[in-house]
Amino acid sequence: MKHNISITTVTESKVKNVDFNNIPLGTTFTDHMFICDYNNGVWENPRIEPMGMIPTHPAAMALHYGQAIFEGMKATVDADGNPMLFRADKNAERLNFSADRMGMPSFPEDLFVEGLKQLVDLERNWIPPIDGSALYLRPFMYADEAFIGMRAATHFKFIIMASPAGPFFTKRIKLWAENKYIRAASGGTGEAKAAGNYAAAIRPTEYAKAKGYDQVLWLDAVEHNYIQEVGTMNIFFKVNGKFITPKRDGSILDGITRMSVIDILRDKGYDVTERAITIQEIRDASLDGTLEEAFGTGTAVGIAYIQEIAMGEHTIHVSDKSPVGLEVNDTLNAIKTGKIEDKFGWMVKIEKQLV
Ligand SMILES: *Cc1c(COP(=O)(O)O)cnc(C)c1O
């Protein structure tokens, strides 16, 4: 179904002021945004308009009760300069999973993809034409109804912003296995990309950084023994030639990079098992020399190699001899830039000038 998205463009694009070789992280936004309002049980007035401030009532329920969720994805270009999205249908599905958990309305998945396509089409000059760079896309939904009281809101906004992002120079990261604070418990909101999850992670992450670590490795809420994920990435280990990653148990985020990495690894002939993994077994594997590789996966960085993990007074050292993850990262990037065949059917092409 073709949605009727009204478009108001800026008179002059700011893209000429941007140095694609030096993009400040997260503070540069494109000329336009996509907006849609939820009133009286329906999403209405989908539109693209100039990026700008949105008047917000001080009683907007998202500010008080936290009904706010988001997505993160990237647009890239192929060799001919045609913009493409990666598995946009999965982001649409996950947004609605998060919405359901947080008592928010679902957003039509075809309108989610159509809004992304039209916005990216309009902002195609903002996609950095540099290897490893991309246009980061941030779809999000929040309760903008002015009401004091505990119930689901009845007015929401769904917005997509776009922000050019430079290549991520991946150094090997050091993790702090957190044994006091937790990110998610069974039955909680860990599997939703809900704003509040990130607020709760900020202070523990600051503490880990003050101790000299890059990210927190989150452990389960009950025993502080089962590995969940790292910062805003899922985690993989290679032990004795085989890959393992924590299984989805309701407390980890269902990463789209995670599911894609599992497919690529299996396609390359590797064994991948999703199961419960304890930090103790990873330490044992490190001590007996079978821990061959560890990396995080997420849209922002792709694959981030792990160098070591602090576990109380112990340090788990990760070998760097077996860079299968780097190979997977190259495959992922080659698919996203059309350099190799998209055999999984993941890319969503944006044809010339939709708008
Ligand atoms: C977004 C996110 C991920 C990674 O998901 P991708 O879809 O691969 O980007 C992993 N963990 C958390 C907590 C996240 O918020």
Side-chain angles (χ1 to χ4, degrees), residues 26 66 68-76 85-99 101-102 112-113 116 134-141 160-161 163 165 168 170 173 175-176 178 181-186 188-202 204-205 208 214-221 226-236 245-265 272 274 277 294-304 306 325 328-329 331-333 335-336 344 346-348:
I69 56 174
F70 67 97
E71 274 303 318
M73 52 201 300
K74 282 177 172 175
T76 43
L85 299 170
F86 181 71
R87 310 190 77 173
D89 55 325
K90 293 288 173 195
N91 293 93
E93 257 174 52
R94 190 171 65 188
L95 178 93
N96 283 336
F97 176 89
S98 301
R101 177 64 185 82
M102 306 309 286
F112 179 99
V113 175
L116 279 166
L135 185 62
Y136 184 79
L137 299 162
R138 170 52 62 87
F140 64 109
M141 190 199 294
I160 307 172
M161 301 185 292
S163 170
F168 231 96
T170 40
I173 56 174
L175 308 184
W176 169 260
E178 180 55 60
Y181 302 103
I182 59 149
R183 176 185 174 278
S186 177
T189 59
E191 205 175 0
K193 226 170 161 70
N197 290 344
Y198 303 84
I202 286 172
T205 305
D214 300 294
Q215 286 290 346
V216 170
L217 177 65
W218 296 108
L219 303 176
D220 77 278
Y226 292 96
I227 292 173
Q228 292 181 334
E229 54 187 313
V230 40
T232 57
M233 292 184 283
N234 296 109
I235 192 165
F236 285 75
T245 188
K247 72 166 193 280
R248 288 177 53 207
D249 63 354
S251 65
I252 68 167
L253 208 282
D254 187 11
I256 294 161
T257 318
R258 175 187 181 277
M259 62 178 87
S260 308
V261 165
I262 291 174
D263 286 347
I264 292 172
L265 282 171
V272 187
E274 299 172 63
I277 302 170
F295 53 82
T297 65
T299 295
V301 287
I303 284 174
I306 296 161
V328 173
N329 204 25
T331 302
L332 209 46
N333 286 332
I335 292 172
K336 289 184 184 180
F344 301 100
W346 288 338
M347 303 312 295
V348 182

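Numbers for residues simply follow the sequence, beginning at 1. Start at 1 and go down the list; that is how both ligands and their atoms are numbered. Keep in mind it's a predicted model, so treat the numbers as computed, not measured.
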Q. Is Glu229 paired with Arg183 through a side-chain N to carboxylate O contact shorter than 4.0 Å?
A. yes
Ala221 meets the side-chain contact (heavy atoms from CB on, under 4.5 Å) criterion, sequence neighbours left out, with Ile182, Ala185
With sequence neighbours left out, the residues meeting ring-ring contact (aromatic ring centres under 6.0 Å, His included) with Tyr136 are none
Counting only non-hydrogen atoms and a 4.0 Å cut-off, the residues near ligand 1 are Arg94, Arg183, Lys193, Tyr198, Glu229, Gly231, Thr232, Met233, Asn234, Leu253, Gly255, Ile256, Thr257, Gly298, Thr299
- Give a yes or no on whether the backbone of Glu71 and the side-chain of Asn91 come within a donor-acceptor separation of less than 3.5 Å. no
Report task. Answer whether the closest heavy-atom distance between the side chains of Val328 and Phe295 falls below 4.5 Å. Result -> no
Enumerate donor-acceptor pairs with a distance under 3.5 Å from any side-chain N or O in residues 254-261 to protein atoms, sequence neighbours excluded.
{"unit_1": "Asp254", "atom_1": "OD2", "unit_2": "Arg248", "atom_2": "NH1", "d": "3.3"}
{"unit_1": "Thr257", "atom_1": "OG1", "unit_2": "Thr299", "atom_2": "N", "d": "3.3"}
{"unit_1": "Arg258", "atom_1": "NH1", "unit_2": "Glu274", "atom_2": "OE1", "d": "3.4"}
{"unit_1": "Arg258", "atom_1": "NH2", "unit_2": "Pro246", "atom_2": "O", "d": "2.9"}
{"unit_1": "Arg258", "atom_1": "NH2", "unit_2": "Glu274", "atom_2": "OE1", "d": "2.8"}
{"unit_1": "Ser260", "atom_1": "OG", "unit_2": "Arg87", "atom_2": "NH1", "d": "2.8"}
{"unit_1": "Ser260", "atom_1": "OG", "unit_2": "Ile256", "atom_2": "O", "d": "2.7"}

